[in-house]
Amino acid sequence: MKKIAVYPGSFDPITNGHIDIITRGLRMFDELIILVAYNPNKSSLFTVEERMDLIREVVIKDQKILRVDCSAGLLVDYVQSKGANVILRGLRAVSDFEYEFQMALINRRLNRDIETVFLMTGYQWFYTSSNLIKEAAGLGGSVKGLVPDIVFERLQDKFNHIKN
Ligand code: PNS
């Protein structure tokens, strides 16, 4: 049976930390679906389409076993609808743990057939988060090297005073 995993997140925008998890996740599963899980009532810097396009630009090339999708619904329902049974998440600093633990437990309660699998984020991305990157870029700080070049350019388009 094919091992299909779903890697959900806001990806607003995708960072090098996410790419690290995707690259390593691809070695573990037969198929990986990157899911932009969005809440229509929550504001974001990039639209869902922009986020999906950026993901496709930076990771989908040559990857036949990778798909990019979006959903505003319940994660476990999406996972089941795709014939998958694994939710893949990256774990960074200790501060992530409580939130991730809660999410894994609620998802397990909602659907016992689905397991959450965590990968420890590579140490160089330990403190990289989309939120911090957006905040730093919005205040003009350079976030080069923390995100793929194309994402950096899109951030420059959004915040035109961002340093190189
Ligand atoms: O990148 P993020 O913002 O940490 O990702 C959080 C995300 C999108 C994975 C989480 O909010 C989620 O699973 N949303 C889907 C809605 C859902 O199923 N919620 C109940 C379980 S938490």
Side-chain angles (χ1 to χ4, degrees), residues 5-29 31-73 75 78-79 86-104 107 116-164:
V6 175
Y7 179 37
S10 305
F11 300 107
D12 185 35
I14 187 165
T15 69
N16 287 344
H18 293 130
I19 293 172
D20 175 51
I21 299 296
I22 292 165
T23 309
R24 289 159 56 207
L26 279 169
R27 291 192 215 120
M28 300 169 62
F29 302 102
E31 194 175 320
L32 187 63
I33 303 172
I34 308 177
L35 182 72
V36 177
Y38 67 97
N39 178 342
N41 302 315
K42 239 171 103 178
S43 62
S44 59
L45 181 63
F46 292 92
T47 65
V48 174
E49 286 69 31
E50 285 175 325
R51 286 183 255 168
M52 291 174 73
D53 284 348
L54 281 174
I55 296 170
R56 287 196 190 98
E57 288 224 34
V58 297
V59 293
I60 207 125
K61 287 176 201 127
D62 302 329
Q63 298 286 2
K64 290 189 183 63
I65 59 163
L66 198 71
R67 271 194 278 164
V68 182
D69 202 357
C70 67
S71 164
L75 177 60
Y78 176 89
V79 173
V86 171
I87 295 170
L88 177 67
R89 291 286 287 174
L91 205 53
R92 292 167 305 188
V94 184
S95 50
D96 274 353
F97 182 78
E98 202 172 332
Y99 171 61
E100 294 296 336
F101 191 38
Q102 282 175 355
M103 274 209 301
N107 284 329
T116 303
V117 168
F118 293 100
L119 283 180
M120 296 303 294
T121 298
Y123 71 91
Q124 66 272 55
W125 316 119
F126 212 57
Y127 294 101
T128 304
S129 80
S130 301
N131 284 341
L132 282 183
I133 284 170
K134 279 185 287 188
E135 186 169 338
L139 294 168
S142 175
V143 292
K144 216 175 180 137
L146 297 177
V147 289
D149 288 346
I150 180 84
V151 175
F152 183 71
E153 284 165 27
R154 293 294 172 275
L155 283 167
Q156 278 186 313
D157 296 341
K158 302 258 180 200
F159 307 115
N160 47 28
H161 57 298
I162 172 175
K163 289 191 192 87
N164 241 311

Which pair of non-hydrogen atoms, one from Tyr127 and one from Ala93, has the smallest distance, and what is that distance? CE2-CB, 4.2 Å

Exercise: identify the closest heavy-atom pair between Arg89 and Thr116: CG-CG2, 4.2 Å

Quick one: pull up OG in Ser142 and CG in Leu155 and give me the separation to the nearest 0.5 Å. 10.5 Å

How about Leu54 and Ile150: do any of their side-chain heavy atoms sit closer than 4.5 Å? yes

Closest non-hydrogen atom pair between Met28 and Val117, with its separation: CE-CG1, 4.2 Å

The test is side chain to side chain contact (heavy atoms under 4.5 Å, CB included); show your working for Cys70 and Arg51 and say whether it passes. CA-CA 10 Å; Cys70 67; Arg51 286 183 255 168; over 6 Å; no

Quick one: closest heavy-atom pair of Ile22 and Leu66, and the distance? CG2-CD1, 4.1 Å

Quick check for you: to the nearest 0.5 Å, what is the distance between Glu135 atom CD and Ser129 atom OG? 9.0 Å

Please check this pair: side chain of Asp12 against backbone of Phe46, looking for a donor-acceptor N/O pair closer than 3.5 Å. yes

Separation of Asn16 CG from Thr23 OG1 (nearest 0.5 Å): 9.5 Å

Would the distance check show the side chain of Ser130 and the main-chain N or O of Pro13 forming a donor-acceptor pair, the cut-off being under 3.5 Å? yes

Kindly determine whether Ile55 and Ile60 satisfy side chain to side chain contact (heavy atoms under 4.5 Å, CB included), including the steps that lead there. CA-CA 7 Å; Ile55 296 170; Ile60 207 125; over 6 Å; no

Looking only at heavy atoms, what is the nearest atom pair of Thr15 and Val147, with distance? CA-CG1, 4.1 Å

Ile21 to Gly90 - nearest heavy-atom pair and separation: CD1-CA, 3.7 Å

Approximate separation, where rounding is to 0.5 Å, of Arg24 CZ and Leu88 CG: 9.0 Å

Angle between ring planes, Tyr7 versus Phe11, binned at 30° and 60°: parallel, tilted or perpendicular? perpendicular

Go through it in stages, so that I can follow the logic: the residues are Leu75 and Leu35, the test is side chain to side chain contact (heavy atoms under 4.5 Å, CB included), and I'd like the CA-CA distance, side-chain angles, deciding distance and then a yes or no. CA-CA 9 Å; Leu75 177 60; Leu35 182 72; 3.7 Å; yes

Would you give the length of the straight line joining atom CG of Asp20 to atom CG of Leu119, rounded to the nearest 0.5 angstrom? 8.5 Å

I need the Arg154 CZ to Glu57 CD distance, nearest 0.5 Å. 6.0 Å

